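Quick one: this structure, given as structure tokens, is what I'll be asking you about.
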Amino acid sequence: MPAETTDRPLRIVLAEDSVLLREGLIGLLTRFGHEVPAAVGDADALLGAVAEHQPDIVVTDVRMPPGFQDEGLHAALRLRAERPGLPVLVLSQYVQRAYAAELLDSGDGSGVGYLLKDRVGQVEQFVVALREVAEGGTVVDPEVVRQLLRRRRDPLARLTPREREVLALIAEGKSNGAIARELVVSEAAVGKHIGSILTKLDLPPADDVHRRVLAVLAYLRS
């Protein structure tokens, strides 16, 4: 039976060259009440399907025929350039920091997600991430965040350990409330940490959502 959902169904165009994974994703998405009007196996077909079906969100693999390099990513970037408000969730087999940063640079940085394919197996988390991106959120795979934590962080040198922890959770797409629960602090404390992060990173004046995206970009580039 389809999983119960109180959210409106999403119309999703899916691009994945592996028939097995593609069919599995179709089954998963429809089980949660969503509609998949097109599921394709290459980047050119993805562009055509989006033009035809005007979906709420695109879910695409990075590597697809013919070259199995980054055709899916470049199709996603092209779609974002042509339709800046189109949410895109990109799936990747491996952590590629450049892919995540390039995707987040597209449009205004909102309505984008970068997840490892292993995350699909964690069904509830995947579906939550899908909804978050469809509603304009920014989601970065936790494994990408963990690897970035082990890299040089010059732009983040002024942040305290707690502020870096909060920024990592922002990069994962978590809300202030979710961050507060994970760190066992008040939501007001999280708000203060975020305000301090945005100030220390010298981000330009903008609305709060856009500044959070800019903070994530600074994190990814570090």
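Keep in mind the model is a prediction, meaning the values are calculated, not measured.
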Check: Taking only residues two or more places apart in sequence, or in another chain, which ones meet A49 in a side chain to side chain contact (heavy atoms under 4.5 Å, CB included)?
Finding: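 For A49, the residues satisfying side chain to side chain contact (heavy atoms under 4.5 Å, CB included) (neighbours in sequence not counted) are V13, A38, V40, H53.
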
Margin query: Measuring only between side-chain heavy atoms, which start at C-beta, is L116 closer than 4.5 Å to Q93?
Written below: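 A side-chain contact under 4.5 Å is absent here.
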
Note to self: Would you compute the distance between atom CD of E165 and atom CD1 of I170 and round it to the nearest 0.5 angstrom?
What the structure shows: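 That separation rounds to 12.0 Å.
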
Margin query: Are I57 and V88 packed together at the side-chain level, in the sense that at least one heavy-atom pair is separated by less than 4.5 angstrom?
Written below: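 A side-chain contact is absent here, since even the closest heavy-atom pair is not under 4.5 Å.
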
Margin query: Any non-hydrogen side-chain atom of V50 less than 4.5 Å from a side-chain atom of P55?
Written below: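 They are in side-chain contact.
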
Next item on the list: Taking all non-hydrogen atoms of both residues into account, name the closest pair between P87 and D56 and its distance.
Entry: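 Here P87 and D56 meet closest at CD-O, 3.1 Å.
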
Next item on the list: Test K174 against E132 for salt bridge (charged side-chain N to carboxylate O under 4.0 Å, His left out), laying out the working first.
Entry: CA-CA 9 Å; K174 296 186 184 298; E132 178 78 13; over 6 Å; no

Checklist line | Rounded distance [0.5 Å steps], OG1 in T199 versus CZ in R158 | finding: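 T199 atom OG1 to R158 atom CZ measures 9.5 Å (nearest 0.5 Å).
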
Item checked: NE2 on H34 to CZ on R8, rounded to 0.5 Å ->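 Nearest 0.5 Å value for the CZ-NE2 distance: 9.5 Å.
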
Item checked: Atom CZ of R78 with >12 non-hydrogen neighbours under 6.0 angstrom ->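 Count not over threshold, so no.
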
Next item on the list: State, with a plain yes or no, whether a side-chain heavy atom of F126 is found less than 4.5 Å away from one of K117.
Entry: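 A side-chain contact under 4.5 Å is absent here.
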
Check: Taking the side chain as C-beta and beyond, is there a heavy-atom pair between F32 and L130 under 4.5 Å?
Finding: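 No - every pair of side-chain heavy atoms lies 4.5 Å or more apart.
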
Next item on the list: Taking all heavy atoms of G111 and all of T138, pick out the closest pair and write down the distance.
Entry: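 So the two residues come closest at N-OG1, 4.4 Å.
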
Margin query: Distance check, rounded to the nearest 0.5 Å: S186 atom OG versus N176 atom CG?
Written below: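 One finds 10.5 Å between OG of S186 and CG of N176.
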
Check: Going by heavy atoms in the side chains, are L115 and V90 under 4.5 Å from each other?
Finding: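 They are not in contact (no side-chain heavy atoms under 4.5 Å apart), so the answer is no.
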
Note to self: Salt bridge check, E163 against K192: does any charged N sit closer than 4.0 Å to a carboxylate O?
What the structure shows: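 No.
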
Check: Does the side chain of E35 reach to within under 4.5 Å of the side chain of P9, using non-hydrogen atoms?
Finding: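 Not touching, per the 4.5 Å side-chain cut-off.
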
Next item on the list: Measure the CD-NE2 distance between Q69 and H74 for me, rounded to the nearest 0.5 Å.
Entry: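 The CD atom of Q69 sits 9.5 Å away from the NE2 atom of H74.
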
Checklist line | L14 reachable from V128 in the ILVMFWY side-chain graph, under 4.5 Å edges | finding: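 Cluster IDs for V128 and L14 differ.
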
Check: In Å, rounded to the nearest 0.5 Å, how long is the span from CD of E16 to CG of D42?
Finding: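 It comes to 12.0 Å.
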
Margin query: Do I197 and V166 make a side-chain contact, defined as non-hydrogen atoms from C-beta onward lying under 4.5 Å apart?
Written below: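 A side-chain contact exists here, since the closest heavy-atom pair is under 4.5 Å.
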
Check: Taking all atoms of both residues into account, what is the closest heavy-atom pair of L10 and R131, and its distance?
Finding: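 Distance-wise, the nearest heavy atoms are CD2-NH1, 3.6 Å.
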
Note to self: Tell me the closest heavy-atom pair linking A76 and T60, and the distance in Å.
What the structure shows: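 That would be CB-CG2, 4.2 Å.
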
Check: For L46 and A75, which heavy atoms make the closest approach, and how far apart are they?
Finding: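 Reported closest heavy-atom pair: CD2-CB, 3.9 Å.
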
Next item on the list: List the steps, then state whether salt bridge (charged side-chain N to carboxylate O under 4.0 Å, His left out) holds for R63 with E71.
Entry: CA-CA 6 Å; R63 298 183 176 185; E71 289 86 352; over 6 Å; no

Check: Can you list the steps and then say if V120 with L91 is a side-chain contact (heavy atoms from CB on, under 4.5 Å)?
Finding: CA-CA 9 Å; V120 177; L91 303 178; 4.2 Å; yes

Next item on the list: For D17, enumerate each residue passing the side chain to side chain contact (heavy atoms under 4.5 Å, CB included) test, keeping only those at least two apart in sequence or located in another chain.
Entry: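 For D17, the residues satisfying side chain to side chain contact (heavy atoms under 4.5 Å, CB included) (neighbours in sequence not counted) are D61, M64, P65, F68.
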
